[in-house]
Amino acid sequence: MTYDYIILGAGITGLTLMKKMRQKGITNILTLEAEKEAGGLCRSFYVDGHYVDIGGHFFQTKFKDVEDFVFSSFPREEMYQMDPRISKISIEGMDVDYPLESNLWQFPIEKQIEYLISVVRNGEALGKPEPKNYEEWIRWKLGDKICDGYLLPYNIKLWGIQPNEMDVDWLHKIPRIEVTEVLRYSLERQQDVEKYPCHNRPYYPTSGGYGRVMEAIAKDENPFIKFNTRVTKLRYDENEKVWYVNEEFKAKKVINTTPWPNLYEALGKPAQIKEQIQKIKYNKVVVSLFETDDNPTNYHWRYRPEMSEQHHRELYISNFVKNNKNYGVFTETNADRFDADNLTFKGRNLFNYTTPAAYPLPLIGRTQAIKEILDFFKPMHLYGVGRWGEHQHHNHDVCMKHAIDFVANL
């Protein structure tokens, strides 16, 4: 049998592709998934009365078609909105609201003055040219204090690479606050939450973890997915103009939603993209569940830039999962930093899960590299969609949007 399409990966991008293709009448499709279930990074585990999301996932989008897509599978009435969302940054021995530059007024006066002077004297305000790597850009945009106290250590912990190795083309992910706004917020002692880059009033299921949303989307797609199937060989037959996957499945077209480095050997290590593949890297994150004896905060999550802490974020699940057992917290830690024998979060460690792939690393040169990889395979009808197919740090709503648009253009 020759499929019209084979989709690699049944995460949120693969599921969206499947559902939209079938709605369009394209039914001769198959999805191959290495795990035993669909959902990818948007799954949840249930452990000893606690729901643990593989990372912190909440739903809010500016795309109407994505909102319609999600709520067509998961009823809106089974969601609630976090209003207000409460996210904090641990810095200078305090917890300050996110984003830091909008909430410097929460510092004591003397500390606030130090940060404000640093912001006002940033490179952009002084008319210096815009830099081309992350560390220099952050100093140029926000000044040394925010850079050294928060953004540099946090991003070193999160990504596992040095800031001068990072490009600047992903910085739409962080707030773009101007100096005048920083000063206004400090004088008015309040921030404009409408200027969050995302998730200012996110939706979350009224019961269970975020994985419930993925289960609802996957429900009708599961019969079209072959689980526990890792791609070990991907061969294009020039004569037949078809792809052979694992020498078992055949398709006219293939859509990849998985990390390209994982496919390189399966593709036969083509020399034409060897250099580009070397610039395509990702990290792994350990999600750890803890149970504590109390919960002194009402936070949804807190960022931890301190290098003395293994993890970079704490998510207080008892504060947003409605039917969760009391005093549950899960943390996220770069896998290269994780040491199970020396955990820095205080509580009973009940569960640890390492993601196969967490974040595409925003290395300098990776945007051009992924473009060249996609251009190389496009004439052979092998495409890349979503976070991994495009190797960009997309939130899951953007992955859905790109999948929806891809199918619309078929």
Side-chain angles (χ1 to χ4, degrees), residues 11-12 15 37-62 66-90 95 97-98 193-194 196 198-220 285-304 311-332 345-353 355 395-397 399-400:
I12 186 56
L15 289 173
E37 59 191 354
L41 292 175
C42 292
R43 290 176 294 153
S44 299
F45 296 111
Y46 183 72
V47 182
D48 292 351
H50 302 282
Y51 290 92
V52 186
D53 296 336
I54 303 179
H57 290 290
F58 308 89
F59 181 66
Q60 185 172 354
T61 185
K62 63 182 180 181
V66 172
E67 187 171 283
D68 291 344
F69 175 78
V70 169
F71 290 131
S72 68
S73 294
F74 195 89
R76 189 187 296 262
E77 56 268 25
E78 293 186 25
M79 294 270 218
Y80 77 97
Q81 276 190 289
M82 294 179 178
D83 190 7
R85 150 192 146 171
I86 304 173
S87 55
K88 300 282 186 175
I89 300 163
S90 175
D95 289 337
D97 282 321
Y98 172 93
V193 298
E194 301 305 326
Y196 277 7
C198 61
H199 293 157
N200 59 333
R201 295 182 183 87
Y203 285 94
Y204 196 85
T206 54
S207 65
Y210 195 81
R212 285 193 60 211
V213 179
M214 295 304 106
E215 291 167 7
I217 293 173
K219 181 180 178 182
D220 294 333
V285 165
V286 180
V287 178
S288 302
L289 169 66
F290 294 88
E291 190 173 86
T292 59
D293 293 323
D294 59 13
N295 179 9
T297 80
N298 63 344
Y299 307 163
H300 294 127
W301 64 85
R302 173 167 51 187
Y303 301 101
R304 300 302 301 259
H311 57 284
H312 55 264
R313 187 163 65 151
E314 304 160 349
L315 294 103
Y316 292 84
I317 48 177
S318 301
N319 293 341
F320 58 84
V321 180
K322 297 293 188 180
N323 60 332
N324 200 82
K325 187 178 177 182
N326 286 339
Y327 313 137
V329 182
F330 68 88
T331 64
E332 297 170 332
F345 189 86
K346 304 307 177 187
R348 294 175 290 281
N349 181 215
L350 304 180
F351 172 81
N352 299 300
Y353 174 83
T355 62
N395 284 347
H396 71 286
D397 70 308
C399 293
M400 293 182 203

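Annotation: side chain of Asp53 is not in contact with side chain of Ile317 (no heavy-atom distance under 4.5 Å). Ile86 places a side-chain heavy atom less than 4.5 Å from the side chain of Lys88. When side chains are defined from C-beta on, Glu67 counts as touching Arg76, because their heavy atoms get closer than 4.5 Å. Side-chain atoms of Ile217 and Phe69, non-hydrogen and from C-beta on, do get closer than 4.5 Å to each other. Between Val213 and Cys42 there is no side-chain heavy-atom pair separated by less than 4.5 Å. By the 4.5 Å heavy-atom criterion applied to side chains, Arg348 and Asp293 are counted as neighbours. Between Met400 and Ile12 the shortest side-chain heavy-atom distance falls below 4.5 Å. At least one side-chain heavy atom of Tyr51 sits under 4.5 Å from a side-chain heavy atom of Asn323.
Checked against ring-ring contact (aromatic ring centres under 6.0 Å, His included), Phe58 has the following partners two or more places apart in sequence or in another chain: Tyr204, Trp301, Phe320. Listed by chain and number, the residues in a ring-ring contact (aromatic ring centres under 6.0 Å, His included) with Tyr80 amount to none (sequence neighbours excluded). Looking at residues two or more places apart in sequence or on another chain, you find a ring-ring contact (aromatic ring centres under 6.0 Å, His included) between His396 and His57, Tyr210.
One distance of note links OG of Ser318 with CG of Asn324; it measures 4.5 Å at 0.5 Å rounding. The line from NZ of Lys219 to OG of Ser73 is 10.0 Å long, rounded to the nearest 0.5 Å. Atoms CZ and CD, on Phe290 and Glu314 in that order, are 9.0 Å from each other to the nearest 0.5 Å. Interatomic distance, Asn295 CG to Tyr316 OH, rounded to the nearest 0.5 Å: 7.0 Å. Here CZ of Phe74 is found 9.5 Å from CE of Met214. Values are rounded to the nearest 0.5 Å.
Applying side chain to side chain contact (heavy atoms under 4.5 Å, CB included) to Arg302 and the options Ile89, Leu315, Asp95 leaves one that passes, Asp95.
The minimum heavy-atom distance between Ala218 and Ala38, with the atom names listed, is CB-CB, 4.0 Å. Asn349 approaches Phe351 most closely through the heavy-atom pair ND2-O, 3.4 Å. Closest non-hydrogen pair, Tyr303 versus Ser87, comes out as CE1-CB, 4.5 Å. The two residues Val285 and Glu332 make their nearest non-hydrogen contact at CG1-CB, 3.9 Å. Taking every heavy atom of both residues into account, Gly209 and Pro205 meet most closely at O-CG, 3.6 Å. What you find for Arg201 and Gln60 is that their closest heavy atoms are N-OE1, 2.9 Å.
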Inset, instruction - Kindly indicate, with the supporting measurements, whether the criterion side chain to side chain donor-acceptor pair (under 3.5 Å) is fulfilled by His300 and Asn319. - result: CA-CA 6 Å; His300 294 127; Asn319 293 341; over 6 Å; no
Inset, instruction - Evaluate side chain to side chain donor-acceptor pair (under 3.5 Å) for Tyr98 paired with Arg85, printing each intermediate quantity in order. - result: CA-CA 10 Å; Tyr98 172 93; Arg85 150 192 146 171; 5.0 Å; no
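In this structure, Tyr353 has its ring center at least 6.0 angstrom away from the ring center of Phe330.
Ring geometry for Phe345 versus His311: interplanar angle over 60°, hence perpendicular rather than tilted (30 to 60°).
For Asn352 (side chain) and Leu289 (main-chain N/O), no donor-acceptor pair under 3.5 Å exists by modelled atom type.
Salt bridge status for Lys62 with Asp397: absent, with no side-chain N to carboxylate O gap under 4.0 Å.
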